[in-house]
Amino acid sequence: MTRELHERVAIVTGGGRGLGRAIALGYAKAGADVLISVARSPDEAAEVVALGEPLPGTIQAVQADVTVAGDVDRLVQRTLDVRGRIDVLVNNAARGMRFVNDRFMTDPRPFWEADPVAWSMVIETNIVGVFLMSRAVVPHMLAAGRGSIINVTVNEATMTRRGFSPYGPSKAALEAMTRVWEAELEGSGVALNLLAPGGATATGMVQDDLPEGVELLDPEIIVPPALHLALTRSSGARVLATEWNDPGGD
């Protein structure tokens, strides 16, 4: 792979597994210096860092919860310490339906049976976490006159699927929030786009006993469009990795 992200600096939240891990390694292969946030599972973080050691770029892991403002500030400062700037932010960290119902794929349950604490935790991570990360990073991008923010989302059908709240609605809110921010960032040089794998993916967020006929996507599917969006100067795209067709340079 060519080093098209050489000397670029990227934050990938939730980079210890799944889509975040795939994107972090893809960016490092392309020459970027990558900071991943990991709220838990330090062993996973260490594995990703080790996998990045022979690559053209670098990977560092920071123990940080995106819902905690102090952790976010520490992650951003560690990133600035690398090259004094932040070129890319991938808002990937999320909590899924397993926190609310560990059999949500085969035994969907109504919202009134959900535990309020688990419900709030999903909302806090998937919406407030994205806000805190973006709020901390955007001023640095504005000062540089450029940057790319990629918000990881899901298929629209998932947002309104029976038994998928609050996860589905949280992603719908993320998309609405993204559109508002696009308007506010217009003309600033900071690009803001949405990226989804395009289907259920082997990320650990899906239960083990899947319904018949459901096949999981490989997380690697998200890497090519994630590379493109890291470099784009335009906003407003909603990319499904399963439908990705590289349009070439902007």
Side-chain angles (χ1 to χ4, degrees), residues 5 8-28 30 32 34-41 44-45 47-49 51-52 59-68 71-72 75-76 79 86-99 121-137 147-155 158 167 170-171 173-175 177-178 181 191-206 217-230 237-241 244:
L5 295 183
R8 300 293 178 100
V9 183
I11 296 175
V12 180
T13 65
R17 63 174 70 175
L19 297 174
R21 171 183 168 132
I23 293 171
L25 289 170
Y27 282 179
V34 185
L35 279 287
I36 63 170
S37 74
V38 181
R40 299 168 300 280
S41 303
E44 290 180 348
E47 182 180 353
V48 177
V49 171
L51 288 171
I59 300 178
Q60 298 181 46
V62 179
Q63 195 83 16
D65 186 331
V66 297
T67 69
V68 178
D71 284 10
V72 168
L75 171 60
V76 168
T79 308
I86 301 170
D87 299 300
V88 184
L89 168 64
V90 181
N91 282 311
N92 167 74
R95 287 191 167 107
M97 281 304 301
R98 295 190 76 159
F99 289 91
M121 182 173 61
V122 172
I123 295 295
E124 191 80 8
T125 304
N126 298 3
I127 302 175
V128 179
V130 174
F131 161 69
L132 289 176
M133 283 301 309
S134 303
R135 175 180 179 272
V137 165
S148 175
I149 299 174
I150 303 167
N151 289 340
V152 177
T153 186
V154 296
N155 286 357
T158 301
Y167 178 71
S170 76
K171 291 298 188 176
L174 169 68
E175 296 214 12
M177 190 164 66
T178 300
W181 293 355
L192 183 56
N193 294 287
L194 291 158
L195 174 61
T201 312
T203 62
M205 294 180 71
V206 180
L217 298 172
D218 187 325
E220 294 291 327
I221 195 172
I222 208 164
V223 174
L227 286 167
H228 170 79
L229 292 176
R238 186 181 191 277
V239 177
L240 297 182
W244 175 246

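The figures here come from the full heavy-atom set of this structure, side chains too, leaving out hydrogens, waters and symmetry mates. In this chain, numbering begins with 1 at the start of the sequence shown.
- The CG atom of Leu25 sits 7.5 Å away from the CD atom of Glu220 when rounded to the nearest 0.5 Å.
- Of the inter-residue distances, the one linking Ile150 atom CD1 with Thr178 atom OG1 reads 11.5 Å to the nearest 0.5 angstrom.
- Ion pairing between Glu175 and Arg238 holds under the 4.0 Å rule for side-chain N and carboxylate O.
- The closest side-chain heavy-atom distance from Trp181 to Ile149 is not below 4.5 Å.
- Nearest heavy-atom pair across Gly26 and Val223 is CA-CG1, 3.9 Å.
- Note: Ile59 CD1 to Leu51 CG = 7.5 Å, rounded to the nearest 0.5 Å.
- Residues Leu89 and Ile11 have side chains in contact (heavy-atom distance under 4.5 Å, counting atoms from C-beta outward).
- Nearest heavy atom pair, residue Ala173 against residue Ile127, reads CB-CD1, 3.6 Å.
- Listed for the Asp87 side chain is no donor-acceptor partner under 3.5 Å among the backbone atoms of Gly147.
- Taking all atoms of both residues into account, the shortest heavy-atom contact from Ala45 to Val38 is CB-CG2, 3.6 Å.
- A salt bridge does not link Arg95 with Glu124: every distance from a Lys NZ or Arg NE/NH1/NH2 to an Asp or Glu carboxylate oxygen is 4.0 Å or more.
- Closest heavy-atom contact between Gly14 and Ala93: N-CB, 3.7 Å.
- Here the straight-line distance linking atom CD1 of Ile86 with atom OG1 of Thr79 works out to 5.0 Å at 0.5 Å rounding.
- Taken to the nearest 0.5 Å, the CG atom of Leu75 stands 10.5 Å off from the CD atom of Gln60.
- Using a distance-only test at 3.5 Å, with no hydrogens or angles considered, a donor-acceptor pair links the side chain of Tyr27 to the main chain of Ala226.
- Considering all non-hydrogen atoms of both residues, Ser148 and Leu229 come closest at OG-O, 2.6 Å.
- At least one donor-acceptor pair closer than 3.5 Å links the side chain of Thr13 to the backbone N or O of Asn92.
- Using a 4.5 Å heavy-atom threshold, the side chains of Val130 and Asn126 count as separate.
- Rounding to the nearest 0.5 angstrom, the gap separating the CD1 atom in Ile23 from the CG atom in Leu195 is 6.0 Å.
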Are Val128 and Thr67 close enough, and set up right, to give a side-chain contact (heavy atoms from CB on, under 4.5 Å), and what steps lead you there? CA-CA 6 Å; Val128 179; Thr67 69; 5.6 Å; no
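- Under the 3.5 Å distance criterion, the side-chain polar atoms of Thr153 are left unmatched by any main-chain donor or acceptor of Ala196.
- Side-chain contact between Tyr167 and Thr158: present, with at least one pair of heavy atoms (C-beta onward) separated by less than 4.5 Å.
- Minimum heavy-atom separation, Ile36 to Gly16: CD1-N, 4.3 Å.
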Quick one, Ser37 with Val62, criterion side-chain contact (heavy atoms from CB on, under 4.5 Å). Give me CA distance, side-chain angles, the key distance, then yes/no. CA-CA 5 Å; Ser37 74; Val62 179; 5.6 Å; no
